[in-house]
There are 2 protein chains.
Amino acid sequence: MDHAITPTGQHDHAHCVSSALAAAEARCTGTAKLTQSRRRVLEIVWESHRPVGAYDILDRMAKDGNPAKPPTVYRALNFLLEQGLVHRLESMNAFIGCGSTSVDGHAAQFLICRDCNMALELDDPTLRKALDQAARNSGFRVDRRVVELSGVCADCQKAA
Amino acid sequence: MDHAITPTGQHDHAHCVSSALAAAEARCTGTAKLTQSRRRVLEIVWESHRPVGAYDILDRMAKDGNPAKPPTVYRALNFLLEQGLVHRLESMNAFIGCGSTSVDGHAAQFLICRDCNMALELDDPTLRKALDQAARNSGFRVDRRVVELSGVCADCQKAA
DNA sequence: ATGACTCATGTTATAACATAACACAAGGCC
DNA sequence: GGCCTTGTGTTATGTTATAACATGAGTCAT
């Protein structure tokens with residue numbers, strides 16, 4: 001992403017979506033192709049910076065006139081997860097577009113506002129190192145990191 | 001807990017359970033009582049240091065001769081979560097006994113071994129501060145922390 | 001160009017996880 | 001006793017996710 005994303009989403013979202021899609025196209029050039037249904041799911045995920053549930057995506061597709069069944073959506077989501085194009089937020093059973101182009105994108109941390117439901121992706125290498133070091137101190141080798149902090153974002157604090 | 005817990009559980013587990021139960025009794029002296037069914041669920045959770053699913057608990061209770069329905073178990077689990085006696089591991093939809101007596105016990109971090117399924121609870125204040133600081137840098141106020149690192153524990157690395 | 005292979009999709013059914021809503025019981029307490 | 005709070009029982013249902021099997025669309029070596 002070459003632009004700032006604020007928690008409230010006061011940004012050029014069309015640009016946001018188009019650059020996400022472009023990045024996805026660029027990444028899926030090999031055997032792993034960004035097919036129609038995968039692209040559609042990715043677009044839906046990127047409609048907001050709020051996490052979206054698999055069944056929300058299904059509803060959205062039904063409204064579109066392209067009704068789908070759960071396996072279709074879960075397959076697309078799993079593909080997008082593998083490609084590092086979306087994240088799964090474990091604490092919400094929901095998905096969000098990956099806003100990082102870094103190699104470590106899937107080591108990201110999330111700040112989830114319980115008021116406005118916005119999820120802000122951090123990609124803080126210091127934090128990642130601190131987490132890995134803590135694990136290493138216990139002899140653990142870390143494969144996967146789930147770091148989800150819930151609370152109230154700056155804007156919602158002001159509003160309250 | 002006044003004793004070491006190793007990832008492989010090479011410890012005096014009877015002591016482990018009894019001190020967890022004693023701590024629970026001590027905590028639930030006011031209006032929030034540790035009733036029969038709550039105690040039973042807590043005991044089942046403490047049978048191992050592995051996260052246990054709500055429906056595993058139901059199965060366990062059925063085998064005991066005390067069959068229960070899902071709401072019974074979820075109510076007990078919610079009570080135990082409120083009292084800080086168990087944790088929920090979001091990335092596994094499972095529950096584990098809280099091995100911390102500290103005030104910040106619910107800010108814990110977990111190391112989950114994908115081979116032996118053991119979950120080791122860290123309660124690292126440095127890590128907690130680093131996470132809160134990162135959130136604060138984005139203007140977030142943090143209410144709830146989900147930090148779950150999956151990988152391979154020291155013993156399973158040796159075994160492999 | 002066809003057979004074999006791989007990858008993606010469609011479809012049905014069901015598994016796994018969690019809660020709503022209502023009825024009832026037990027104990028405190030004025 | 002009447003009232004209130006807290007906990008439990010029960011039925012039903014909501015929500016999230018996957019298994020299993022059939023079909024189709026493209027590639028590619030022979």
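We name chains A, B, ... by the order of the sequence lines, and we start the count at 1 in each one.
- Backbone-only engagement by B:R38 is indicated by non-hydrogen atom pairs under 4.0 Å involving sugar-phosphate atoms exclusively.
- The distance from atom CG of B:N78 to atom C1' of C:dA18 is 10 Å, rounded to the nearest whole Å.
- Under the 3.5 Å distance criterion, the side-chain polar atoms of A:T72 are left unmatched by any main-chain donor or acceptor of A:A68.
- Each of A:T72 and B:P70 was matched to the nucleotide of DNA chain C holding its nearest heavy atom; the match closer to the 5' end belongs to A:T72.
- The residue among A:F95 and B:T31 whose nearest nucleotide of DNA chain D lies closer to the 5′ end is B:T31.
- The CD atom of B:Q36 sits 16 Å away from the C1' atom of C:dA25 (whole-angstrom rounding).
- Between A:S37 and C:dT9, a side-chain N or O to OP1/OP2 separation shorter than 4.0 Å is present.
- With no hydrogens or angles considered, a side-chain donor-acceptor pair links B:Q133 and B:N137 at under 3.5 Å.
- For the segment residues 53-67 of chain B, the set of residues with a heavy atom within less than 4.0 Å of an atom of DNA chain D is empty.
- Annotation: side-chain contact (heavy atoms from CB on, under 4.5 Å) contacts of B:V17 (sequence neighbours excluded): B:H13, B:L21, B:W46.
- A distance of 8.0 Å separates SG in A:C113 from CE in A:M118, rounded to the nearest 0.5 Å.
- A:Y74 meets the side-chain contact (heavy atoms from CB on, under 4.5 Å) test with A:A54, A:Y55, A:P70; sequence neighbours excluded.
- The span of DNA chain D lying next to chain B, judged by atoms under 4.0 Å from heavy atoms, is bounded 5' to 3' by D:dG7 to D:dT11.
- A heavy-atom distance below 4.5 Å is not found between the side chains of B:V41 and B:R38.
- For C:dA18, the OP1/OP2 oxygens have a side-chain nitrogen or oxygen of B:N93 closer than 4.0 Å.
- One atom, OH of A:Y74, and another, C1' of C:dG10, lie 17 Å apart when rounded to the nearest Å.
- Rounded to the nearest 0.5 Å, atoms CG (A:L58) and NZ (A:K63) are 11.5 Å apart.
- Residues that satisfy the ring-ring contact (aromatic ring centres under 6.0 Å, His included) test with B:F110, not counting sequence neighbours, are B:H87.
- Legend: side chain to side chain donor-acceptor pair (under 3.5 Å) pairs involving residues 109-118 of chain A, not counting sequence neighbours, sorted by first then second residue: A:R114-B:D143.
- Considering only the side chain of B:R75, C:dA21 comes nearest among C:dA21, C:dT9, C:dT19.
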